[in-house]
Asks: 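Can you keep this structure in mind? I'll have questions shortly.
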Amino acid sequence: MVRPTQQLHPPREPAPPLAAATVLLLRDTPEGIEVLMTRRSASASFAPGAYVFPGGRIDEGDRAAHRIALRRPTQSEQQLTQAVAAVRESFEELGVLLAHHEDGRPVSTEEVAAMDRSTAASAIALADQCTARGLRLATDELFTFAHWITDRDLPKRFDVPFLVARMPEGQTPTADETEQFEPCWVRPADALARHKAGGFLMIFPTVRTLERMAAYDSVDALLDACAHRADGEGPLFTSCPRAGLLRGQEARYMERDSPYGELALVCPDGQIVHALDWQSEAPVPLLKNVQRLTAPNPGAMTGPGTNSYIVGDAASGYIVIDPGPNDAGHIERLHRATGGDIRMIVCTHSHADHSPGAAPLQALCAASKPAILGLPSAPTARASARFAPDRTLQDQERLVLHGPDGTTHTLRAVHTPGHAANHLCLVLEEDGLLFSGDHVLNGSTTVVDPPDGNMNAYLDSLDRLDALCAEGEVRFILPAHGYVLGEARAAIAYLKAHRLKREAKIAAAMQRLPQGTPEDWLPLAYDDVPERMWPVAARSLAAHVERIRQLAQAR
């Protein structure tokens, strides 16, 4: 856990989310799925003027209405209550009633029209109307597609499942002209295009839900995905978004979006104050004791540039991690950001975008005389990646900065060969941060380039880092390229699964072309990667081929 004393922004308690439910009514067309949407009142307290799906708050009456609600064996009490609320709201707002007669007959348009929508705000009143007509709510036909929890920064928040159901035949939606207006059927792709063009206002959860929905070519396919979810009843995805500033504007992100972990670290309570723009002129504060300065070396292999991290404060002095390439401007900015009070310089490995800046930075800090620490490059390293530290860091060795007030900042070295033979990571023990160098990246997978790179060692090192996460020592990963990663263990698990999946494709290519060469296997194994990246992919393919052959010999 990050120490509260190191957080940049004062803690605050986000507004508690209110229970609600939404239903996406669907129909098939020759062009694909269409979903029923409606425009909210311009005076609404939440999302005024936006196109949404019918829905609203859950109340106690929704539970009482279980008596007329049909239920699947796998549907929980909570899911049934959510489905009742969604049915009630769709009837109140759009005059669409998901219900059947006791004998299974559909409800006719005339029967729906004869019912009093004004009482539908109460599930009990709706239940009474249905009972009088011998109707049961078709809540067994609603499935959970998504689960959204409104962003922490908003004053009014909701905890809402997005349910999906097929539109009843023969019914025509009619807006209540109070809360909702202009019901319309629209293909997800068209709604997204109109929103992008500025003519169809939608809020973030609506946009992202439609993006996921656009992947399905029929209502049956979508409902089947929900009904046969691998983990049983529940949403296909869950999200509580976070927001930051990009080019001066608010930008929102889901958990799998690359900036999400950084926002969770810097603004855990949802404050919209953190700028996500990549810039190399000044350090970006992540915590009071951690800053990131990105070198101006963006590219296909470096992403937005190499991240140099500054750990410590003015009272304790600083440790610089990965001073980067020998770029005079970048080195000068590191010196200026620390006031020259650098106690140690640590290189995670010897590659040309990580370690060459160490010696010139050391020369600038004559007063503090920082030692250059790391692991010396192995004989297998390329000529451009030769590195000899002043002192070799031992595995599990601790580097400690002491402040006069008793505050400490402790970095522990963890040897993690794989990307390079001399690669190491650093754990900031007091705050649960992992400085991962190139071993774990955000937005891409690292290259494992034999002979200095080794796939067995890389996977073993991932397991070692995973053990740190499992023991609760690490939650956030600060990579040498890209934003901070949150949920460290999930990030590591994803990387390992990705590597093994790629290895399976390479093994299949080798079996398909047993007399082939790596050049023959590459297009088969990396057919999902742009061809311009194949020369880079060929390096990791070689590492996988080496491992596959070793495993085969061991059998």
Side-chain angles (χ1 to χ4, degrees), residues 1-12 152-153 242-246 251 253 255 257-295 303-324 330 333-334 336-339 342 346 348 354 399 401 403 407-412 425-443 469 473-488 491:
M1 287 288 292
V2 173
R3 288 171 288 181
T5 56
Q6 299 305 319
Q7 291 287 358
L8 293 170
H9 308 291
R12 66 174 189 181
R152 297 163 183 83
D153 60 279
R242 291 184 178 276
L245 299 173
L246 193 63
Y253 301 94
E255 285 76 359
D257 296 331
S258 60
Y260 190 91
E262 182 155 321
L263 294 170
L265 173 66
V266 181
C267 310
D269 298 330
Q271 302 94 327
I272 308 180
V273 293
H274 184 62
L276 293 162
D277 309 270
W278 287 105
Q279 54 85 24
S280 300
E281 293 304 310
V284 174
L286 301 174
L287 296 173
K288 289 180 180 178
N289 60 331
V290 178
Q291 302 174 72
R292 177 185 64 216
L293 182 63
T294 303
T306 301
N307 294 329
S308 298
Y309 291 101
I310 303 168
V311 176
D313 52 48
S316 67
Y318 300 93
I319 297 174
V320 170
I321 301 171
D322 281 341
H330 180 65
R333 286 187 285 273
L334 284 171
R336 188 166 59 246
T338 60
I342 298 175
V346 183
T348 61
H354 291 259
L399 309 175
L401 294 172
T407 299
T408 60
H409 311 293
T410 305
L411 288 168
R412 186 172 84 251
C425 295
L426 295 155
V427 177
L428 181 54
E429 293 185 335
E430 292 87 354
D431 298 305
L433 308 184
L434 174 73
F435 297 91
S436 64
D438 277 356
H439 199 76
V440 178
L441 304 176
N442 188 343
C469 300
E473 294 188 56
V474 171
R475 180 180 168 200
F476 293 96
I477 298 175
L478 283 66
H481 305 282
Y483 295 114
V484 175
L485 284 153
E487 302 302 330

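In this text, all values refer to a predicted model and were calculated from it rather than measured experimentally. What you see below is based on every heavy atom in this structure, not just the backbone, and it leaves out hydrogens, waters and symmetry mates. Residues: numbered from 1 along the sequence shown.
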Asks: To the nearest 0.5 angstrom, please state how far the CG atom of D257 sits from the OH atom of Y483.
Replies: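 So the CG of D257 and the OH of Y483 are separated by 11.0 Å.
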
Asks: So D269 and P11, do their side chains get closer than 4.5 Å, heavy atoms only?
Replies: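 Answer yes - side chains close enough.
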
Asks: Check L401 against G317 and note the closest heavy-atom contact, atom names and distance.
Replies: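 For L401 versus G317, the nearest heavy atoms are CD1-O, 3.3 Å.
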
Asks: Check R3 with D431, please: is the shortest side-chain N to carboxylate O separation under 4.0 Å?
Replies: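 Salt bridge present between D431 and R3.
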
Asks: For the pair S280 (side chain) and T294 (backbone), establish whether a donor and an acceptor sit closer than 3.5 Å, ignoring hydrogens and angles.
Replies: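 Yes.
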
Asks: Distance-only, no hydrogens or angles: does the H274 side chain make a donor-acceptor pair with backbone N or O of C267 under 3.5 Å?
Replies: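 Not a single qualifying donor-acceptor pair exists.
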
Asks: Do the non-hydrogen side-chain atoms of K288 and T5 ever get within less than 4.5 Å of each other?
Replies: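 Counting from C-beta outward, K288 and T5 never come under 4.5 Å.
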
Asks: With H354, which of D438, T306, N307 fulfils side-chain hydrogen bond (donor to acceptor under 3.5 Å, both in side chains)?
Replies: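 Exactly one pass, corresponding to D438.
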
Asks: Quick one: does any side-chain atom of E429 pair with a main-chain N or O of G432 as donor and acceptor, under 3.5 Å?
Replies: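 No, E429 side chain to G432 backbone: no donor-acceptor pair under 3.5 Å.
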
Asks: Before we go on, tell me: are the rings of Y309 and F435 under 6.0 Å apart, centre to centre?
Replies: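 Centroid distance Y309-F435: below 6.0 Å, so yes.
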
Asks: Could you tell me if the side chain of Y318 sits less than 4.5 Å from the side chain of Q291, heavy atoms only?
Replies: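 Side-chain contact under 4.5 Å: yes.
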
Asks: For L263 and L276, run side chain to side chain contact (heavy atoms under 4.5 Å, CB included): C-alpha distance rounded to whole Å, both residues' side-chain angles, the deciding distance at 0.1 Å, then the answer.
Replies: CA-CA 9 Å; L263 294 170; L276 293 162; 4.2 Å; yes

Asks: Between T407 and Q6, is any pair of side-chain heavy atoms under 4.5 Å apart?
Replies: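 Yes, at least one pair of side-chain atoms sits under 4.5 Å.
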
Asks: For the pair E430 and T408, evaluate side chain to side chain donor-acceptor pair (under 3.5 Å) and give the outcome as yes or no after the intermediate values.
Replies: CA-CA 8 Å; E430 292 87 354; T408 60; 3.0 Å; yes

Asks: Given side chain to side chain contact (heavy atoms under 4.5 Å, CB included), test L426 with I321 step by step and report yes or no.
Replies: CA-CA 9 Å; L426 295 155; I321 301 171; 3.8 Å; yes

Asks: Is the shortest side-chain heavy-atom distance between I342 and I319 below 4.5 Å?
Replies: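 No, side chains not in contact.
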
Asks: Which heavy atom of L286 sits nearest a heavy atom of V266, and at what distance?
Replies: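 What the structure gives for the nearest pair is O-CG2, 3.6 Å.
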
Asks: Provide the closest heavy-atom pair for G482 versus P304 in the form atom of the first, atom of the second, distance.
Replies: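 What the structure gives for the nearest pair is N-CG, 4.1 Å.
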
Asks: Which atom names give the shortest non-hydrogen contact between H330 and S308, and what distance separates them?
Replies: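 Scanning both residues, the minimum pair turns out to be NE2-OG, 2.9 Å.
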
Asks: Can you find a heavy atom in the side chain of V346 that is under 4.5 Å from one in the side chain of L399?
Replies: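 Answer yes - side chains close enough.
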
Asks: Main chain of L334, side chain of T338: is a donor-acceptor contact present, judged purely on distance under 3.5 Å?
Replies: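 Side chain of T338 to backbone of L334: a pair is present.
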
Asks: Testing the 3.5 Å rule here: is there a donor-acceptor pair between the side chains of S258 and N442?
Replies: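 No, no side-chain donor-acceptor contact under 3.5 Å.
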
Asks: Walk me through whether R412 and E473 qualify under salt bridge (Lys or Arg N to Asp or Glu O under 4.0 Å).
Replies: CA-CA 11 Å; R412 186 172 84 251; E473 294 188 56; 2.7 Å; yes

Asks: Please report the closest heavy-atom contact between H409 and S316, naming both atoms and the distance.
Replies: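 Residues H409 and S316, closest heavy atoms: CD2-OG, 3.5 Å.
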
Asks: Within the side chain of Q7, is there an N or O that forms a donor-acceptor pair under 3.5 Å with the backbone of H9?
Replies: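 Side chain of Q7 to backbone of H9, a donor-acceptor pair under 3.5 Å: no, none is there.
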
Asks: Is a side-chain N or O of R242 found less than 3.5 angstrom from the main chain of P268, in a donor-acceptor match?
Replies: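 The answer is yes, because a donor-acceptor pair under 3.5 Å joins these two groups.
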
Asks: So which atom in Y253 and which in Y260 form the shortest heavy-atom distance, rounded to 0.1 Å?
Replies: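 Of all heavy-atom pairs spanning Y253 and Y260, the closest is O-CD1, 3.4 Å.
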
Asks: Go through it in stages, so that I can follow the logic: the residues are T348 and D322, the test is side chain to side chain donor-acceptor pair (under 3.5 Å), and I'd like the CA-CA distance, side-chain angles, deciding distance and then a yes or no.
Replies: CA-CA 6 Å; T348 61; D322 281 341; 2.9 Å; yes

Asks: Less than 4.0 angstrom from a charged side-chain N to a carboxylate O is my criterion; do R292 and E262 meet it?
Replies: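 Yes.
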
Asks: Can you find a heavy atom in the side chain of V484 that is under 4.5 Å from one in the side chain of I477?
Replies: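 Contact flag for V484/I477 side chains = no.
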
Asks: Before you tell me yes or no, could you show the steps for R475 and L434 under side chain to side chain contact (heavy atoms under 4.5 Å, CB included), namely the whole-Å CA-CA distance, both residues' side-chain angles and the distance that decides it to 0.1 Å?
Replies: CA-CA 8 Å; R475 180 180 168 200; L434 174 73; over 6 Å; no

Asks: Yes or no on side chain to side chain contact (heavy atoms under 4.5 Å, CB included) for N289 and L428, after CA distance, side-chain angles and deciding distance?
Replies: CA-CA 10 Å; N289 60 331; L428 181 54; 3.8 Å; yes

Asks: Side-chain contact, heavy-atom cut-off 4.5 Å: R12 with D153?
Replies: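 SC-SC contact between R12 and D153 confirmed.
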
